[in-house]
Amino acid sequence: MTLLRDCWYLALLGRRLKRGRMVAKTMLGEPVVIGRRADGEVFALRNICPHRGMPLHHGRLEDGGVRCCYHGWKFGTEDGRCTDIPSLTDEQTFHLERVRVKLYPCREVQGNIWVYIARNGTSKETPTDLPPVPRMPDIGERGPRFALSMDFACDIDQAVVGLMDPTHLGYVHTSWWWHKRNRKPRLKEKSYVPFGNGFRLERHELKGGARPYRILGKNVTTEITFQLPAVRVEHIKGDRHSVVSLTAITPLTETTSEVHQCMYWTIRGLGLLCPIMQRLARTFLGQDRDVVIRQAAGLAYDPPLILIDDADTQAKWYYRLKQRQLECQEQGKPFKNPLKARILRYRS
Ligand code: FES
Ligand SMILES: [Fe+2]
């Protein structure tokens with residue numbers, strides 16, 4: 001399984017990282033420490049001290065640098081260069097600045113911290129010329145009203161395909177408040193267009209089950225965009241307000257993934273509803289996580305899979321886009337979206 005690099009991945013919710021604190025993460029199999037300096041800025045470094053391999057998150061943040069907990073070597077959070085080795089005496093000439101920890105590009109956007117994982121492996125050069133960090137439409141700079149993250153015991157491909165799959169709803173998400181068991185599947189017809197390095201379900205009116213959305217005003221419509229590596233944004237809007245749902249998946253390793261779900265909205269005073277909605281979202285996402293755990297027992301035998309039209313067409317698109325992206329990266333060519341506009345018809 002190849003993981004896509006040269007991409008931004010969502011690492012964690014910004015408010016989970018207080019000033020002066022660091023957290024350890026594994027992202028695409030790489031050990032990363034993410035921290036927030038006293039001035040509020042975030043940074044990400046390889047979580048291994050180049051002296052004797054101690055994970056840096058055990059250390060402390062000191063004047064904008066990270067001090068390793070083992071022998072006190074200190075590293076700048078702006079370039080990863082070593083700035084202090086306490087054991088050196090005045091007459092010992094040692095070029096501190098030659099010692100360096102890999103620095104990852106790291107940005108905090110609309111309440112989430114994103115880390116750019118490049119293809120340059122263990123190279124210490126920080127990549128430049130980065131693509132923009134994914135941004136949510138219509139909600140300004142505010143962070144999510146609620147967010148949750150869940151580990152899935154599967155590779156990123158299965159996590160993506162599982163979450164975009166339109167026909168599992170009636171089988172997996174059968175909570176009373178969402179989808180009744182044994183309901184007869186209805187015919188769906190949805191119009192998709194290629195978009196960026198992914199595809200978009202074009203803006204359309206929300207029908208049936210849309211009553212709670214009247215709070216957004218009249219003419220409530222929705223649009224869903226999926227882009228590589230695994231960023232899905234649903235933008236529901238009425239003539240007064242918007243709701244935006246972000247699902248971003250980050251591979252922790254080749255075989256485990258972290259699914260982040262964030263909700264943004266522009267309506268004031270829904271604070272009381274947050275815990276309820278967060279709970280419902282946790283149940284919903286938990287159902288997806290549990291089905292993937294069951295599925296893993298079958299996938300362990302590496303069976304050939306049958307993806308059918310049109311129910312699994314989005315899954316096929318995902319694999320095609322990813323393949324194209326990998327080829328373009330390898331050949332140093334700009335990405336050209338291989339998809340065509342299409343209407344997908346299926347029952348769900
Ligand atoms: S291992 Fe970090 S300073 Fe020695
Ligand atoms: Fe699901």
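Start at 1 and go down the list; that is how both ligands and their atoms are numbered. Everything numeric here is computed off the predicted structure, so don't read it as measured data.
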* Could you please give the number of protein N/O/S atoms within less than 2.8 Å of atom 4 (Fe) of ligand 1? =>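 N, O or S atoms of the protein closer than 2.8 Å: 2.
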Do [X] and [Y] meet the criterion of a side-chain donor-acceptor pair at a distance under 3.5 Å?
X      : Y      : answer
Asp157 : Tyr318 : yes
Asp165 : Thr167 : yes
Lys74  : Thr83  : no

* Does a side-chain N-to-carboxylate-O contact under 4.0 Å join Lys237 and Glu223? ->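 Salt bridge flag = no for Glu223 with Lys237.
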* To do: Taking the side chain as every heavy atom from C-beta outward, state whether Thr77 and Arg37 have any pair of such atoms under 4.5 Å apart.
  =>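 In short, these two side chains touch, coming nearer than 4.5 Å.
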* Heavy-atom check, side chain of His260 versus side chain of Ser149, under 4.5 Å ->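 Answer yes - side chains close enough.
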* Can the ring centroids of Phe284 and His173 be said to lie less than 6.0 angstrom from one another? ->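 Between Phe284 and His173, the centre distance is under 6.0 Å.
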* Check whether the ring centres of Trp317 and Phe226 lie less than 6.0 Å apart, and answer yes or no. =>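 Between Trp317 and Phe226, the centre distance exceeds or equals 6.0 Å.
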* May I ask you to determine how many protein N/O/S atoms are under 2.8 Å from the Fe ion (ligand 2)? =>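 Considering protein N, O and S only, the Fe ion (ligand 2) has 4 within range.
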* Asked: Do Asp310 side-chain atoms and Thr313 backbone N/O form a donor-acceptor pair below 3.5 Å?
  ->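 Here the side-chain-to-backbone pair does not exist.
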